[in-house]
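If you read the sequence from its start, that first residue is 1, and numbering goes on from there. Treat the numbers as computed from the prediction; the structure is a model and nothing was measured.
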Amino acid sequence: MRNALVVRTDRLPQSQKAHRAAQYVRMSTDYQQYSIENQAVVIAAYAELHKLTIVRTYRDDGESGLKIENRGALTELMDDVLSGRNEFDHLLVFDVSRWGRFQDVDESAHYEFICRKAGIKVAYCAEQFDNDGSLLSSILKNIKRVMAAEFSRELSAKVYAGECRLARLGFKMGGRPSYGLRRVVIDERGKPKGTLSAGERKYLITDRVTIGPGALDEIEVVKWIYAEFLAGKSQSAIKRELNRRGVPTNTGRPWSVHVVGGILQNEAYIGNFIWNQSSQKLGAHRTRNPREHWIRSEARFEPIIDRADFLQARKIIEGYRVCISDTEMLTRLRKVLMKKGVLSGPIINAAPSLPCCTTYLTRFGSLRNLYRLVGYDYPKHWNDLNDFRRWSDLSVGFAAALRERFEQVGRRAVLDSSIGCLDIDDGASICFGIARWRKYEGHGPRWMLRRRSRWPAGWIVAIRLNANNDAIQDYILLPSLTGTRMHLWISDTNLQTHNIEVFQTYDKLVRSLVPRVTEKCAAFQSGGD
C-alpha cells in the first residue's frame, strides 16, 4: 500500500484488462483523515479487493471543495470523460464529500451523473454502502451531500467568529499589508518574534500576526504622498510623478489613482486596524459590508502619518463625492440627452453635471438599461453591440476549432472562453480578438485591436473586418501586445513594424500557427525535463 498513488498502465493481467480504474483524490485543510495518502491507501485496498487496476490518478492538493474553479484535476477528469479520452471504466473516490462541499448539493451529483452516462461506475471506497443505484444508496448519498455542504457552513461560521475576536484585538487575519507596512509575528505574550515577507506564514498556532511600519524608503514615499496631496497636488499628478521616478509599488505594478487614493484613506497609517470591510463567504462573490459590521481596533501599532494630516486628507477626498439619488441621476442625464441629442460613455464622462459612467453602471447595471430608463432609443448603438457579440461568438468558435486541431496532433489544449484564450500544454497561449475598421479625417483606414488585461503572453489571432465592419476581410497573427497598451492601431503600412502576419483564410493561419506552437511546447517541455 506504500505506493498507492503509483499507477500501472502496462503489463496488466489479461483478466484485468476490462477492469481499469482511475482514482480521484482531493485534500483541502479538513482533517488528517482526508490526507491524500490516507485516501490512496483506502482506495488501493478497495481496488485490490475488487480486482481493479488503478491506471490513472487525478489529484487536487490543497484545494477548497466549495467550487470547481482552481481544481485542475477534477476539471481534467470531466474533460477526459466528456471527450471519451478515459481509458478506465471505474472511478474510485474516497467518500461522497471528496467531490466537493458544494453549497448546491446537486453539483456533486451532476459530476457523478456525467461519469455514469459515459459508462463509468463510481465507487465510494470509504462509505458503508454500495453505490449501486438502489433506493438506499440514493438516499444516503443525498444525505452525505447535504452533510458536506452543512459542514462548510458550520465551519465558516466558527472561523468567522474566531476571526472577529482576533480582529478586535488588533491581529491581522491575512492578506498583503499596505504599502509602507509589514506583517509582524508576536508570541502569546505579545513579544515580537520577527517579520513576514510576501508568501511567508507563521508556523506556531499560538503566534499572532499584527502590523507595523515597513521599510524606511516606503515610509518616506507614504509621507511624501500625504505632503503633496495636502499641498494641492491631485492624485493623478502624484501617480504620474511616482511612475516617472520609477518608484516601485509593493505589488510590482505601476502606480494608479486607485492605489494612491487607498493610501490616503487607509487608517492603518495612523495606527488603526479595520477588518471586515468586505467579505467572501462560501465561495460567493466578494461583497462590501455596511459600516456597522466593520471591526475597528484603534491605536494598535505605531503610526506613520500624523492624525491631523490624515483627517485633513480624508476631508478633502470626501469633498469630491456628491451623493445624489437615482432619480436625480436620471433627471440630469435626460437634460444632457436633450442638449446633445445622443448619449455615450464619453459624453457622460465629459458632462460636468453628471457622475462618471462607472457610477451609472454601478447604479443601473448596464448602458442598455440606463438608456431605457431615460427613454433613449439609439438603434445604431444596439446594432453595433449586437454585431460585436456576433463577432465575439465567432472568434470563440474559431478558438474551439483550433483547440481540436491541437488535440489531433497530441497536444493538450484548454480554452478559457471568458477571456478568449487557448492554453497549449501549459507552455504557450493564443488569444483571440477582433480588429474593427476605423476611418478618421486626415488618416488612412486603420483597424483597432483591443487587448484584454488578463491576456497572457504568447500570440494573438484576430479577425480583421471590412470597411463596414459587417464581414471578414482577413485574419492576422501577431505577438502579444507588450507594456500597458490596451489598444493597437493597425494599418497596411505598419504591419511589418508590429510583426503582423496576414492570412486570407483561417485554415492557412492554422496551418502556419500549429507547427510553431507545437515546436515551442516541445522545447518548453524538453527544457523542463
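Ion pairing between a basic and an acidic side chain is recognised when a charged N comes within 4.0 Å of a carboxylate O; R405 and D507 show such pairing. Remark: R363 engages D326 in a salt bridge, criterion side-chain N to carboxylate O under 4.0 Å. Under the 4.0 Å criterion applied to side-chain N and carboxylate O atoms, R464 and D492 are assigned as salt-bridge partners. A salt bridge between R20 and E87 is present, with a side-chain N of the basic residue lying under 4.0 Å from a carboxylate O of the acidic one. A salt bridge links E328 with R332: the distance from a Lys NZ or Arg NE/NH1/NH2 to an Asp or Glu carboxylate oxygen falls below 4.0 Å.
Considering only residues two or more places apart in sequence or on other chains, R245 meets the side-chain contact (heavy atoms from CB on, under 4.5 Å) condition with W224, E241, V247. Scanning for ring-ring contact (aromatic ring centres under 6.0 Å, His included) contacts around F229 gives an empty result, with sequence neighbours left out. When the side-chain hydrogen bond (donor to acceptor under 3.5 Å, both in side chains) test is applied to Q473, no partner is found at least two apart in sequence or on another chain. Partners of P248 under the side-chain contact (heavy atoms from CB on, under 4.5 Å) rule, at least two apart in sequence or in another chain, do not exist in this structure. Residues satisfying the side-chain hydrogen bond (donor to acceptor under 3.5 Å, both in side chains) test with T249, not counting sequence neighbours, are T251. With sequence neighbours left out, Y179 forms a ring-ring contact (aromatic ring centres under 6.0 Å, His included) with W255. Looking at residues two or more places apart in sequence or on another chain, you find no side-chain hydrogen bond (donor to acceptor under 3.5 Å, both in side chains) involving R438. R183 meets the side-chain contact (heavy atoms from CB on, under 4.5 Å) test with K172, P177, L196, V209, I211; sequence neighbours excluded. The ring-ring contact (aromatic ring centres under 6.0 Å, His included) search around Y506 returns F398, Y475, not counting sequence neighbours. For N276, the side-chain hydrogen bond (donor to acceptor under 3.5 Å, both in side chains) criterion is met by Y160, N289, not counting sequence neighbours.
Residue pairs meeting the salt bridge (Lys or Arg N to Asp or Glu O under 4.0 Å) criterion with at least one member in residues 495-505, sequence neighbours excluded, are E501-R516.
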Legend entry - Test side chain to side chain contact (heavy atoms under 4.5 Å, CB included) applied to R26 and Y24, step by step: CA-CA 7 Å; R26 177 186 66 83; Y24 174 68; 3.6 Å; yes

Legend entry - Candidate pair E112 and K121, rule salt bridge (Lys or Arg N to Asp or Glu O under 4.0 Å), full reasoning: CA-CA 9 Å; E112 181 180 337; K121 181 179 179 180; over 6 Å; no

Please output the side-chain donor-acceptor pairs of residues 347-359 that fall under 3.5 Å, not counting sequence neighbours, one pair per line with the distance.
{"from": "N349", "atom 1": "OD1", "to": "C357", "atom 2": "N", "distance (Å)": "2.7"}
{"from": "N349", "atom 1": "ND2", "to": "G345", "atom 2": "O", "distance (Å)": "3.4"}

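In this structure the side chain of V81 reaches within 4.5 angstrom of the side chain of I114, judged on heavy atoms. Side-chain contact check for I434 versus R436: some heavy-atom pair is nearer than 4.5 Å. Side-chain contact between P445 and W437 is present, with at least one heavy-atom pair separated by less than 4.5 Å.
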